[in-house]
Q: 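Please find one structure pasted underneath; my questions will follow.
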Amino acid sequence: MSRLFDVGAAIATPLDSAPASKIARARFDHTKNTAELEAWIDFHSGSLPPLKNFVLPSGGACAAQLHVARAVCRRAERDIHPLVSRGSIDPEVAKYMNRLSDYLFTAARSAAKSTGRTEVIWTKE
């Protein structure tokens, strides 16, 4: 939750208009934070079967809630991109949000597996 507050601070402190002192205080430490997410993704991915198809949100209550969190994260990521394009926020904030949504997807798959639930594979009708 603290990292989400850090993301919020970075978004609320536009690089193109905020005073330098506030920008420095709200600076997002992307190196550490993004690397931590990537390590978590690698940890969970190691015990999951490789994806060969799209997976629909499924896998029990915990996995479903993680899929919802991922959808909310993706929506926030899409909303951040215009701010990055304008130069208002550090592009690394968008990268972090992308990795966070990937982590939530991986965590949902891991939760489904750990509870013995089946993931629903998308099939075109």
Side-chain angles (χ1 to χ4, degrees):
M1 186 57 96
S2 292
R3 295 306 66 80
L4 293 178
F5 274 92
D6 292 345
V7 166
I11 293 169
T13 311
L15 298 174
D16 54 357
S17 62
S21 62
K22 289 189 178 189
I23 291 171
R25 192 173 55 190
R27 184 180 169 278
F28 185 71
D29 183 5
H30 61 84
T31 304
K32 175 186 171 221
N33 296 324
T34 303
E36 187 174 55
L37 279 176
E38 289 173 348
W40 293 345
I41 291 167
D42 292 344
F43 173 78
H44 287 290
S45 294
S47 64
L48 296 171
L51 283 176
K52 296 179 181 171
N53 299 300
F54 288 107
V55 175
L56 297 175
S58 56
C62 180
Q65 289 178 356
L66 287 163
H67 280 295
V68 170
R70 176 181 180 248
V72 171
C73 187
R74 283 279 191 222
R75 183 175 58 223
E77 182 185 355
R78 287 190 303 273
D79 290 344
I80 287 170
H81 277 286
L83 299 172
V84 170
S85 295
R86 280 199 315 253
S88 295
I89 64 170
D90 185 344
E92 294 298 327
V93 173
K95 181 179 177 182
Y96 177 82
M97 293 300 289
N98 176 270
R99 301 314 298 150
L100 178 59
S101 64
D102 287 350
Y103 168 72
L104 292 168
F105 177 73
T106 304
R109 293 191 68 217
S110 182
K113 181 181 179 195
S114 70
T115 58
R117 301 294 184 105
T118 303
E119 293 179 298
V120 177
I121 303 299
W122 174 74
T123 55
K124 184 172 172 60
E125 292 186 11

Q: To check you understand the geometry: which heavy-atom pair defines the closest contact between G87 and L15, and what is its length?
A: O-CB, 3.6 Å
Q: Kindly write out the residues that satisfy side chain to side chain donor-acceptor pair (under 3.5 Å) with R3, not counting sequence neighbours, or none if the list is empty.
A: D6
Q: If I take atom CG from residue L66 and atom CZ from residue R109, how far apart are they, to the nearest 0.5 angstrom?
A: 13.0 Å
Q: List in chain and number order the residues that pass side chain to side chain donor-acceptor pair (under 3.5 Å) with T106, two or more places apart in sequence or in another chain; answer none if no residue qualifies.
A: none
Q: List the atom pairs, donor and acceptor, that lie under 3.5 Å between side-chain atoms in residues 46-62 and the rest of the protein, sequence neighbours left out.
A:
{"residue": "S47", "atom": "OG", "partner": "H44", "partner atom": "O", "Å": "3.2"}
{"residue": "S58", "atom": "OG", "partner": "L56", "partner atom": "O", "Å": "2.9"}
{"residue": "S58", "atom": "OG", "partner": "V120", "partner atom": "N", "Å": "2.8"}

Q: Determine the minimum heavy-atom distance between L104 and C73, stating which atoms define it.
A: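 Between these two residues, the closest heavy atoms are CD1-CB, 4.1 Å.
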Q: Which residues pass the salt bridge (charged side-chain N to carboxylate O under 4.0 Å, His left out) test with R75, not counting sequence neighbours?
A: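 Expected list: none.
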Q: Which pair of non-hydrogen atoms, one from T13 and one from A26, has the smallest distance, and what is that distance?
A: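 Here T13 and A26 meet closest at OG1-CB, 3.4 Å.
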Q: What's the separation between atom CD1 in I89 and atom CG in D16, rounded to the nearest 0.5 Å?
A: 10.5 Å
Q: Under the side-chain contact (heavy atoms from CB on, under 4.5 Å) criterion, do W40 and E36 qualify, and how do the steps go?
A: CA-CA 6 Å; W40 293 345; E36 187 174 55; 3.6 Å; yes
Q: Taking a hydrophobic cluster as the set of Ile, Leu, Val, Met, Phe, Trp and Tyr residues connected by side-chain heavy atoms closer than 4.5 Å, whether directly or through intermediates, do Y96 and I11 fall within one such cluster?
A: yes
Q: Between atom CG of L83 and atom NE2 of H81, what is the distance when rounded to the nearest 0.5 Å?
A: 10.5 Å
Q: Got a second to check how far L37's CG is from N98's CG, nearest 0.5 Å?
A: 10.0 Å
Q: Would you name the heavy atoms of V84 and A94 that are closest together and state the gap between them?
A: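 That would be CG2-CB, 4.0 Å.
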Q: If you measure from OG1 on T34 to CD on E92, what distance do you get to the nearest 0.5 Å?
A: 6.0 Å
Q: Quick one: salt bridge (charged side-chain N to carboxylate O under 4.0 Å, His left out) partners of D102, sequence neighbours excluded?
A: R74, R99
Q: State which residues pass side chain to side chain donor-acceptor pair (under 3.5 Å) with D79; sequence neighbours excluded, sorted by chain then number.
A: none
Q: Would you sort out whether L100 and V7 count as a side-chain contact (heavy atoms from CB on, under 4.5 Å), showing the intermediate values?
A: CA-CA 11 Å; L100 178 59; V7 166; over 6 Å; no
